[in-house]
2 protein chains.
Amino acid sequence: MRIGELAALAGVTTRAVRHYHHQGLLPEPPRLANGYRVYGVRQAVALARIRRLTELGLGLDEVRDVLADDAGAELAVVLRELDTDLATQETEIRRRRARLGELLAQAEAGTLPAEGPVSPALAELLGGLPVTDSPSAAKDRAHLTLMAGNGQSDQVLRALAPMTRDPAVLALYERIDALADASRDDPRIGPLADELAAAVPDAVLAAIPAQGPVAAAGAYGEAMLADFAPAQAAVVRRVMELLAARMER
Amino acid sequence: MRIGELAALAGVTTRAVRHYHHQGLLPEPPRLANGYRVYGVRQAVALARIRRLTELGLGLDEVRDVLADDAGAELAVVLRELDTDLATQETEIRRRRARLGELLAQAEAGTLPAEGPVSPALAELLGGLPVTDSPSAAKDRAHLTLMAGNGQSDQVLRALAPMTRDPAVLALYERIDALADASRDDPRIGPLADELAAAVPDAVLAAIPAQGPVAAAGAYGEAMLADFAPAQAAVVRRVMELLAARMER
DNA sequence: TAGAAACCTTGACGCTGCGGCAGGGTCAAG
DNA sequence: CTTGACCCTGCCGCAGCGTCAAGGTTTCTA
């Protein structure tokens, strides 16, 4: 037999056969004068066996191990490993499909957030927000989306829900917007910060795992502040101080 | 923010961030004088979005498409494709796990064929065979294993089952073995071929899809014959002729 | 009997999503 | 001044082949 016939017999491509030769899975057969490989029944049997193993999902090096080992013990071990591996893959796929199902449902309902697919809890929160074009509201959404990315923040998000239903919050956002061109010592800063801090429910602070001075510290905090105009940044800083003080108690 | 802080914020590695830059998923940010990348909130938001998409299982180029397309239409399309894709993967994994379950059961029962994992029908057939060290019996097993590899051969295998329970077959194998050193025109060849052909049930021939002169034609047939001693090959050839003649009718 | 189609040969690159390493520079703290 | 923790670019590696490239051979067909 030549390589094409062998390959057809085993249901693989000639390329695969040569690959197995190269990997040492299948010994190189003798050659004709013209260089063609000539295969016998032995090789065909060996190749069929390789194919059955790879079809199960074994890697080529595992196949090599199994073939090298005369007893069947190795095979059983590898198969068991493979099964647990496939089991985890299966649950993983199922988890992703569940997420996909939610997202597709949102897509059909037209309630997919502009931020792209986010966690269910966050999607609900964002979905409850009134439509507004306030720049600081947009920043808040972005900030929330980022913070919600790090996993277990469901409690915080649930605690935030009441704020989304408070019509007074919109007005607060607009008061922040109004400070876009204000100076660093504008008299509106202090009162606005007080009201903002007051608008945050205790439940939110309670749900935040006390990881230093809230989340706005560090390099991200600075980047966030840099994203605001000076007077607005002053407000944010002040709010953070007030909230931190409240968390102390 | 520098790249490490950004990466930690989004829950990815710095290597991944640079990879996204390289792939054009995330624009390169400005640099400090020392060459360090400096990121702002915008980039963090973008990165978080990329990560959410890749976590769903999207490829990086799909992510790029989704990000490039402002409307949400693209996203829905990609998600649907992904879902069907995952669905096929899931059934595929389940099929393989089912196979693995059978094989593991066989392994525990110690009934795993030496040929490695084979189709259930073949495993049953081989399992029913009496233990023998007849070389021609071994060749027959090998031949069967090969032929059974090409899929829908269950019917043939079932039709062969009666032969495995016929104690007279063992004697026939031994008569083939006895011809190992015989000459091409040994007088035992004819009668043995007649009896072998007669031992093959009609049901087997009926189940073989008439693909030319049985399966022993072509390059594989020659290789198989070359695997036998001359007198044995003569027997096999004669049996094939007889069976082919029977299939004609 | 020629020419085309179908095989065969070796060798090298492509794909996915980064990980890891080499071989540096930068910066803050002790 | 050193140490350690960052940062930079760039290239190889990974699994299992698919896919050219650039030939030579065999075999079928006109």
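Within every chain, numbering begins at 1; the chains are lettered A, B, ... in the order of the sequence lines, protein sequences first and strands thereafter.
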Enumerate the protein-to-nucleotides 10-13 of chain C contacts in which both atoms are nitrogen or oxygen and the separation is below 3.5 Å.
from: C:dT10; atom 1: OP1; to: A:Arg31; atom 2: NH1; distance (Å): 3.1
from: C:dT10; atom 1: OP1; to: A:Arg31; atom 2: NH2; distance (Å): 2.9
from: C:dT10; atom 1: OP1; to: A:Arg37; atom 2: NH2; distance (Å): 3.4
from: C:dT10; atom 1: OP2; to: A:Arg37; atom 2: NH1; distance (Å): 3.1
from: C:dT10; atom 1: OP2; to: A:Arg37; atom 2: NH2; distance (Å): 2.9
from: C:dA12; atom 1: N6; to: A:Arg15; atom 2: NH2; distance (Å): 3.3

Using residues 235-243 of chain A as the side-chain source, report each donor-acceptor pair under 3.5 Å to any protein atom, sequence neighbours left out, with the distance given to one decimal.
from: A:Arg238; atom 1: NH1; to: A:Glu241; atom 2: OE1; distance (Å): 2.9

**Request:** Taking only Lys NZ, Arg NE, NH1 and NH2, and the carboxylate oxygens of Asp or Glu, determine whether A:Arg52 and A:Glu55 approach each other closer than 4.0 Å.
**Result:**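 No, no charged N to carboxylate O under 4.0 Å.
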For [X] and [N], what is the distance between atoms [atom1] and [atom2] respectively, to the nearest whole Å?
| X | N | atom1 | atom2 | value |
| --- | --- | --- | --- | --- |
| A:Ile3 | C:dA6 | CD1 | C1' | 15 Å |
| A:His19 | C:dT9 | NE2 | C1' | 18 Å |
| A:Met1 | C:dC8 | CE | P | 12 Å |
| B:Leu32 | C:dT26 | CG | P | 12 Å |

Side-chain donor-acceptor pairs of residues 35-42 of chain A under 3.5 Å, sequence neighbours excluded:
from: A:Arg37; atom 1: NE; to: A:Glu28; atom 2: OE1; distance (Å): 2.9
from: A:Arg37; atom 1: NH2; to: A:Glu28; atom 2: OE2; distance (Å): 3.4
from: A:Tyr39; atom 1: OH; to: A:His21; atom 2: NE2; distance (Å): 2.7

**Request:** Report the C-alpha distance between A:Arg80 and B:Glu108 in whole Å, list the side-chain angles of each, state the deciding distance to 0.1 Å, and finish with yes or no for salt bridge (charged side-chain N to carboxylate O under 4.0 Å, His left out).
**Result:** CA-CA 11 Å; A:Arg80 246 181 293 273; B:Glu108 300 216 353; 3.6 Å; yes
**Request:** For C:dC18, take OP1 and OP2 only and decide whether either is under 4.0 Å from a side-chain N or O of B:Tyr20.
**Result:**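 Yes, because at least one side-chain N or O of B:Tyr20 sits under 4.0 Å from OP1 or OP2 of C:dC18.
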**Prompt:** Above 12 or not: heavy atoms from other molecules or residues under 6.0 Å from CZ of B:Arg31?
**Reply:**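 Enclosed: over 12 neighbouring heavy atoms sit under 6.0 Å from CZ of B:Arg31.
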**Request:** Could you tell me whether A:Glu124 atom CD has more than 12 heavy atoms of other residues or ligands within 6.0 Å of it?
**Result:**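 No, the 6.0 Å shell around CD holds no more than 12 heavy atoms from other groups.
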**Prompt:** More 5' along DNA chain C: B:Gly59 or B:Arg2, using each one's nearest nucleotide?
**Reply:**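 Taking each residue's closest nucleotide, the earlier one in sequence belongs to B:Gly59.
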**Request:** Please tell me which of B:Asn34 and B:Asp61 maps to the more 5' nucleotide of DNA chain C, matching each residue to the nucleotide holding its nearest heavy atom.
**Result:**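 Nearest nucleotide further toward 5': that of B:Asp61.
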**Item:** Results of ring pair (Phe, Tyr, Trp, His ring centres under 6.0 Å) for A:His19 - residues two or more places apart only
**Value:**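 Not a single residue meets the ring pair (Phe, Tyr, Trp, His ring centres under 6.0 Å) criterion with A:His19.
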**Asked** Just the endpoints, please: which first and last nucleotides of DNA chain D, 5' to 3', lie under 4.0 Å from a heavy atom of chain B?
**Response**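 Footprint of chain B along DNA chain D, 5' to 3': D:dC6 to D:dC11.
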**Asked** What do the steps show when you test B:Tyr220 against B:Met147 for side-chain contact (heavy atoms from CB on, under 4.5 Å), and what is the final call?
**Response** CA-CA 11 Å; B:Tyr220 172 69; B:Met147 291 298 102; 3.8 Å; yes
**Request:** Check every atom of C:dC27, C:dC8, C:dG19 against the side chain of A:Thr14 and return the nucleotide holding the closest atom.
**Result:**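 Minimum distance to the A:Thr14 side chain belongs to C:dC8.
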With a 3.5 Å cut-off and sequence neighbours excluded, list the donor-acceptor pairs that the side chains of residues 59-69 of chain A form with protein atoms.
from: A:Glu62; atom 1: OE1; to: A:Gly59; atom 2: N; distance (Å): 2.7
from: A:Arg64; atom 1: NH1; to: A:Gln23; atom 2: O; distance (Å): 2.3
from: A:Asp69; atom 1: OD2; to: A:Glu74; atom 2: N; distance (Å): 3.3

**Request:** Pick base, sugar-phosphate or nothing for B:Thr13, based on heavy-atom distances below 4.0 Å to the nucleic acid.
**Result:**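 Answer is sugar-phosphate: B:Thr13 comes under 4.0 Å of backbone atoms only.
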